[in-house]
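Read through the structure below, which is laid out as C-alpha cells, and then see the notes.
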Amino acid sequence: MWQHSPSDGKMAGETPESSGTSLLHDAEATPRKPRHFLKDVIFHGKFQLLNCLTPEENTGCQHGLYFQDGERRVDYILTYHIKKPSSSRSNRQSSRFTDNAFTRSLRRGTARLGRAPPPQPRGDPEVASQDHSMDYHVDDKRLHREEFEGNLRDMGIELEKDEDTKTPGVGFVKIHAPWHVLCREAEFMKLKMPTKKVYEMKQSTGVGAKINTLVNKVTEPLYPNVEDNRTHNVKHLSYMFSREKQHLFDLSDRDSFFDSKTRASIVFEVLKRTKCTKAKYSMGFTSLLGSGVYTDAYPLHDGDLDGENVEPNDRKLLYEEWASYSVFYKYQPIGLVRKYFGEKIGLYFAWLGLYTQMLIPASLVGVIVFLYGCATVDDNIPSMEICHPKNNITMCPLCDRACSYWKLKEACGTARASHLFDNPATVFFSIFMALWAAMFMEHWKRRQMRLNYEWDLTGFEEEEEELKDHPRAEYELRVMQKSLKKEHKTQKNPTEIAEETTNKWKQTVQSAMAGLKLTEKEKLTCRDRLPAYMTNVVMMLLMIGVTFAIVFGVILYRISTKTALHMSNNPTTRSNVRLTVKTTAAIINLVVILILDEVYGAVARWLTVLEVPKTDKSFEERLIFKTFILKFVNAFTPIIYIAFFRGRLVGRPGSYLYVFESYRMEECAHGGCLMELCIQLSITMLGKQLIQNNLFEIGIPKLKKLIRYIKSKRRSFQEEEREKKLQRYETDHFLEPFAGLTPEYMEMIIQFGFVTLFVASFPLAPLFALLNNIIEIRLDAKKFVAELRRPVAARAKDIGIWYNLLRAVAKVAVIINAFVISFTSDFIPRLVYQYMYSPDGSMHGFVNHTLSYFNVSNFQDGKEPMDPQHQVEMCRYKDYREPPWSNTPYVISKEFWAVLAARLAFVIVFQNVVMLMSDIVDWLIPDIPKDISLQIHKEKILMVELFMKEEQGKIQFIDSMMPCGGKEKRNNHAPIARSRSIPHTHSHTHANNF
C-alpha cells in the first residue's frame with residue numbers, strides 16, 4: 001500500500017529516478033556551484049564539510065532528529081552503501097517502508113527463482129563480467145536488507161529511508177520504536193523505571209548533619225549548574241517495568257518516559273535479536289554489519305553544541321558544564337553523564353573523578369616528603385662527608401682503559417640529590433601510599449554502591465545481561481565457514497551422494513528444516529581454536545622478548561656512550577658523563593615505550609581476533625588481559641632493571657663481569673641507583689602523559705583544525721553562509737565511532753602503577769598524576785560529547801575486570817616498595833651501620849664503612865687506565881669485601897651478610913605489616929554505606945506496602961462491581977473461611993479449661 005509522504009507531496013514508494021524529470025527543471029533554474037566530495041574532505045576536513053554542504057530546507061524533521069512527519073523520533077540509524085547514478089543529483093526523497101506483502105513476496109520469489117540479471121551493454125567482456133559480479137553482490141545485499149527490515153517491521157519497528165542525502169554513496173535507514181514496542185522490550189529487558197510513589201530520603205541528624213551542611217555550603221561553587229547534580233530529599237520508588245502494571249508509573253508524558261538513551265538501547269536489543277533466515281544460513285545483525293550489508297549503526301546525539309538557534313539539550317549542557325576546560329575545578333555531573341551515555345560510561349567517569357580526588361591528599365603528602373628532603377639535605381651526614389673539601393678518597397675507574405681514577409667528592413651533587421628521595425620520610429610515604437591504595441579501593445566500593453542505589457541498579461544482575469549477549473559477527477562467520485566446510489566434505493562422499501539421489505525428498509526436507517539454524521547448532525571448540533591459542537602464546541612471548549632485547553640494547557648504549565664520553569677532550573663533557581648518559585638513555589626508553597605501546601595494542605587486538613571470542617564481553621576481557629600484560633611489561637621493564645638488577649651483577653675491580661667479552665656491566669653511582677631510578681620514572685611518566693595525552697589527544701586534532709582553517713581561506717564561502725547544516729544523522733555519520741573504554745582505563749591503570757609501584761623513589765608521582773587527570777577528565781569529556789558518535793548505553797553495576805587489576809597492582813606495589821627501600825636505597829645499610837658498627841651511634845664514618853680497598857697492581861692486563869692522572873696504589877669501590885692485605889682478599893665480608901639479613905627481614909616485616917594494615921582498613925570500612933543499606937531496606941518495605949494497597953484496591957473494586965446477591969454470597973462464604981480457624985481456638989480453650 002503506497003503511503004503519502006507529508007513532506008514532499010510524493011508517494012513514499014516513488015523512486016528518485018521517477019521524479020527526476022520534474023526536479024531537473026528546478027536544478028536548471030537554480031544553478032549551483034559543483035562540489036567534489038573527496039576534495040572537500042581532503043582540503044577542508046570532515047567537520048568543515050559538515051558546515052559547507054547544503055541540505056534541503058526541512059524544518060519539520062528538526063535537522064534529522066525526527067521522521068518526515070515531525071512527530072516520530074529517530075531512535076537509531078543504519079547506514080548502507082548505495083551506488084549513485086552519474087546523472088545530476090535529484091532532490092531528497094525519503095520513503096517510509098510499506099506493508100505491501102505482495103510486492104515483497106514478488107521480489108523474493110524472483111530472487112529465489114534465480115532470474116537472470118538484465119543484459120549488459122556491449123563492450124569489453126571482462127569489464128562486463130566484473131560489473132555483472134558487482135551488481136550480483138549489490139542485489140544480494142539489497143535482498144538481505146529487505147528481509148531484515150521486513151523482519152524488523154514485523155516486530156513493530158517503524159522505518160524510514162533516505163537515500164538521496166548530501167553524503168554521496170551512503171543510504172540511511174531511520175528507526176523508530178513506537179510505544180507498544182518500547183513497553184514490550186522494557187519488560188523483556190527488566191528495566192527499572194520510576195513509579196508514581198515518592199518517598200522522603202532519611203537525612204542524618206546531629207553533629208554529622210551540621211558538618212555536612214557546612215561542607216555543602218563551602219563547596220557549593222564547585223558543583224556544576226546541572227539540575228541532576230543537586231541533592232534531592234525525595235526519590236521515586238523504582239520497579240521493573242510491566243505492561244500489566246502500567247498504572248504504577250507516571251505515563252502522563254509518554255514521549256519523555258523513555259529517554260533517548262533508553263530508547264536507543266531498546267532498539268539495539270531488537271536489532272541484535274532479529275535475524276535473516278531466508279538464506280541457508282541465518283545471519284544476525286552483527287553478521288550483516290560484518291559482511292557489509294550495513295556499513296554502520298549508531299544512535300543519534302540529542303542536538304547541536306553551538307549555533308544561533310540551538311535548542312537546549314543534554315548534549316549542549318554537558319558540553320558547557322562538563323567538557324569545558326574552564327570548569328576544571330568543578331565536580332562532574334555524573335548523573336547527567338549516566339543519563340546521556342549510560343551506566344557503563346558513567347561508572348568510568350565516576351571512578352576517574354574519585355581517583356583524581358584521592359590523588360589530592362597523596363600529592364600533598366608527596367610534596368611534604370620532597371620538601372622534607374630539601375630541608376634536611378644540609379644535615380645529611382653521609383652527603384656532607386662526600387662533599388667535604390678535605391675528602392681525598394680515590395675511587396677506582398668506572399670503565400676499562402678510557403676511564404681514569406676519580407675523587408669521591410666529584411659525586412657530591414649526585415649524593416645531595418639522592419637524599420631528596422632517599423630519606424626516612426620515603427619509608428613513611430611508602431606505607432602511606434599502601435594504605436592510600438586500600439582506602440581508595442574501599443572508597444570506590446562505597447561510591448559504587450551509592451551509585452547503584454541512585455541509578456536503580458540494586459536488583460540488576462550482570463549474569464542476565466551475559467545470557468542476552470549475542471554472538472559477534474566474526475564468530476558467526478567462522479561458524480558458518482565451519483558448517484560450509486563440513487557440508488562440502490559430506491557432499492564429496494560418494495555413498496552420501498548415492499543416498500541423496502535415492503532420497504531427494506528427505507534431503508530437501510532436512511536441509512529446509514536444519515538450514516535455518518545450522519550455524520546455531522555448530523560452535524567453535526578448543527580444537528578449532530588451538531592454532532590461535534598457540535599463536536597467542538608464541539606471539540606474547542616474542543613481544544615480551546622484544547621488550548627485554550630493547551632494554552638490553554639500551555644497556556649496551558649506556559656502557560658504550562659512557563666509555564666514549566670519558567675519552568672526550570672536553571672537560572665539561574667528562575664531568576657530566578653520568579647525567580648525560582642517564583638522561584639520554586631515559587629519553588630513548590621513553591620513545592621506545594611510546595612506539596611499542598601502539599604496536600602492542602595492535603598486536604593484542606590481532607591476537608584476540610584470532611581467538612574468535614563468541615561475545616563482545618569475552619572479546620573485551622581477553623583484549624584487556626593481553627594489552628595489560630604487554631603494556632605493563634613494556635612500561636616497567638626498564639624501571640625494574642634499574643631498581644633491582646643494575647649494580648648487582650658488576651663484579652669487582654680486577655674481576656668485572658663482561659657482556660660479549662668487551663662491555664663491562666654498568667654500576668650505580670655512589671649515592672645508589674635510586675637517583676637514576678627517579679630520573680627514569682619521571683621522564684617516562686611525564687613523557688607518556690605529555691606526549692600521549694597532550695600531543696596525541698589535543699595537539700593533533702588542533703593541528704588538523706588549523707590546517708583545515710588555512711585551507712578554507714583559499715575558497716570563498718560567502719554563498720554558502722545562507723545554506724543550512726546537514727541532517728543530524730548525516731552529521732553523526734562523520735564522527736568517529738566509539739571504540740570502547742579499554743584505552744581510557746588502560747591509560748589510567750598504567751598511571752596507577754607509576755603512582756604506587758615505585759613511589760618510594762619518586763614521591764612527586766601523585767602530583768604529576770593529579771595534574772594530568774585534571775586535564776584528562778575534560779579531554780575525555782570533550783571527546784565523548786563532541787568528537788565521537790553516541791555509544792549505545794550499556795548497563796553495568798561495577799567497572800568489571802579493571803577493579804581486579806587495580807587490586808593486583810596495589811598488592812604488588814607493597815612488595816615492590818619493600819624491595820626498593822630495602823635493596824635499592826641505602827636506608828637499611830645506614831640503619832645497620834648506625835646500630836651495629838658506629839662507635840658513637842651516629843652516621844659519621846658511614847661512607848668509609850661502605851667502601852672497600854683494591855690494590856691497583858691486581859688489575860687484569862689491558863684493563864688498567866691508559867692515562868692515569870696521578871699515581872695510585874690503592875683505590876676504593878662500593879662493596880662489602882675484605883681488603884687486599886687480609887688472609888682472604890676480596891672475599892665478601894661479614895658486614896655484607898649482616899646487611900643482607902637486615903634487608904630480607906625488612907622486606908618480610910614491611911610486607912606483612914602493611915598488608916595487615918590494609919586488611920584492617922578493608923575490615924573497618926563497610927562496603928555498603930549505612931544510609932544506603934537503610935534506604936534499600938526501606939524501598940523493599942515500601943514496595944511491599946504498594947502492592948498490598950494495590951491488592952486491597954482490586955478487592956474493593958471487585959466488591960463495588962458485584963451485585964448485592966453476589967456480595968451476600970461473598971459474605972456467606974467469609975464466615976465459613978473464618979470458621980475453619982475457629983475450632984483450633986476452641987480446642988485450645990477447651991484443653992486449657994480441662
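- The heavy-atom pair separating Arg903 from Ser825 by the smallest distance is NH2-O, 3.9 Å.
- A salt bridge links Lys344 to Glu620: at least one charged side-chain nitrogen sits closer than 4.0 Å to a carboxylate oxygen.
- Although no hydrogens or angles enter the test, the distance criterion places a donor-acceptor pair under 3.5 Å between the side chain of Arg778 and the main chain of Trp322.
- Nearest approach of Ile821 to Ala760, heavy atoms of both residues: CG1-CB, 3.9 Å.
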Candidate pair Leu757 and Ile639, rule side chain to side chain contact (heavy atoms under 4.5 Å, CB included), full reasoning: CA-CA 10 Å; Leu757 290 178; Ile639 299 170; over 6 Å; no
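- In Met917, the CE atom is not crowded: 12 or fewer heavy atoms of neighbouring residues, nucleotides or ligands sit closer than 6.0 Å.
- Environment of CE in Met540: crowded, with over 12 heavy atoms of neighbouring residues, nucleotides or ligands closer than 6.0 Å.
- Between the side chain of Ser363 and the main chain of Pro766, a donor-acceptor pair closer than 3.5 Å is present.
- Between Phe846 and Arg830, the shortest heavy-atom contact is CZ-CG, 3.6 Å.
- Considering Trp444, Trp351, Tyr355 as possible partners of Leu806, the one that fulfils the side-chain contact (heavy atoms from CB on, under 4.5 Å) test is Trp351.
- For the pair Ile211 and Val215, the minimum side-chain heavy-atom distance is below 4.5 Å.
- Looking at Thr426, its side chain never comes within 3.5 Å of a backbone N or O of Asp422 through a donor-acceptor pair.
- Looking only at distances, a side-chain donor or acceptor of Asn817 sits under 3.5 Å from a matching main-chain atom of Ala813.
- When every heavy atom of Leu435 is checked against every heavy atom of Val914, the shortest pair comes out as CD2-O, 4.4 Å.
- To the nearest 0.5 Å, atoms CZ (Phe548) and CD1 (Ile544) are separated by 6.5 Å.
- The aromatic rings of Phe632 and Phe636 lie tilted to each other, with the angle between the two planes from 30° to 60°.
- Two residues are said to be in side-chain contact when any heavy atoms from C-beta on lie closer than 4.5 Å; Thr414 and Lys582 meet this criterion.
- The shortest non-hydrogen separation linking Ala796 to Leu457 is O-CD1, 3.3 Å.
- Crowding of Lys631 atom NZ: a count of heavy atoms from other residues, nucleotides or ligands under 6.0 Å exceeding 12.
- The backbone N or O of Ser918 sits nowhere less than 3.5 Å from a side-chain atom of Asp922 that would complete a donor-acceptor pair.
- For the atom pair CG (Leu594) and CG (Asn634), the distance works out to 9.0 Å, reported to the nearest 0.5 Å.
- Put simply, the side chain of Glu321 never gets that close to the backbone of Pro333: no donor and acceptor are under 3.5 Å apart.
- No donor-acceptor pair closer than 3.5 Å links the side chain of Thr684 to the backbone N or O of Leu681.
- The number of heavy atoms from other shown groups lying within 6.0 Å of CZ (Phe645) does not exceed 12.
- Salt-bridge annotation for Arg338 and Glu454: absent, with no side-chain N of the basic residue lying under 4.0 Å from a carboxylate O of the acidic one.
- The aromatic rings of Phe341 and Phe784 stand perpendicular to each other, their planes meeting at an angle above 60°, with 30° marking the opposite boundary.
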Residues Val755, Met433; criterion side chain to side chain contact (heavy atoms under 4.5 Å, CB included); working and verdict: CA-CA 9 Å; Val755 169; Met433 287 303 295; 3.6 Å; yes
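- Interatomic distance, CZ of Phe768 versus CD of Gln751, reported as 12.0 Å (0.5 Å rounding).
- Annotation: side chain of Glu621 is in contact with side chain of Lys617 (closest heavy-atom distance under 4.5 Å).
- Residue Ile640 holds its CD1 atom at 5.5 Å from CD1 of Ile816, rounded to the nearest 0.5 Å.
- Here CG of Asn423 is found 9.5 Å from CZ of Phe421. Values are rounded to the nearest 0.5 Å.
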Candidate pair Trp923 and Asp919, rule side chain to side chain contact (heavy atoms under 4.5 Å, CB included), full reasoning: CA-CA 6 Å; Trp923 176 71; Asp919 292 338; over 6 Å; no
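- Classification of Glu442 and Arg446 as a salt-bridged pair fails, no side-chain N sitting under 4.0 Å from a carboxylate O.
- With hydrogens and angles disregarded, no donor-acceptor distance shorter than 3.5 Å links the side chain of Ser822 to the backbone of Phe906.
- Side-chain contact check for Ile815 versus Met915: some heavy-atom pair is nearer than 4.5 Å.
- Between Tyr745 and the choices Phe349, Tyr803, Trp802, the ring pair (Phe, Tyr, Trp, His ring centres under 6.0 Å) rule is met once, by Trp802.
- Taking CG from Leu191 and CZ from Arg795, the interatomic distance works out to 5.0 Å, rounded to the nearest 0.5 Å.
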Side chain to side chain contact (heavy atoms under 4.5 Å, CB included) between Thr850 and Tyr833, intermediate numbers included: CA-CA 9 Å; Thr850 59; Tyr833 173 78; over 6 Å; no
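- With hydrogens and angles disregarded, no donor-acceptor distance shorter than 3.5 Å links the side chain of Ser618 to the backbone of Thr615.
- Side chain of Trp436 to backbone of Met358: a donor-acceptor contact under 3.5 angstrom is found.
- Side-chain contact of Thr547 with Tyr600: a donor-acceptor pair under 3.5 Å is present, judged by distance alone.
- Here the side chains of Ile928 and Tyr453 are not in contact, with every heavy-atom distance at 4.5 Å or above.
- Glu776 places none of its side-chain heavy atoms less than 4.5 Å from the side chain of Thr356.
- Contact of the Tyr348 side chain with the Leu352 side chain is registered, since non-hydrogen atoms from C-beta on lie closer than 4.5 Å.
- No side-chain heavy atom of Ile892 sits less than 4.5 Å from a side-chain heavy atom of Tyr880.
- Relative to the ring axis of Phe754, Lys688 does not place its NZ or CZ within 45° and under 6.0 Å from the centre.
- Residues Pro194 and Ser238 share a closest heavy-atom pair of CA-OG, 3.9 Å.
- The aromatic rings of Phe429 and Phe432 sit parallel, their planes meeting at an angle under 30°, below the 60° perpendicular limit.
- Remark: Asp931 engages Arg450 in a salt bridge, criterion side-chain N to carboxylate O under 4.0 Å.
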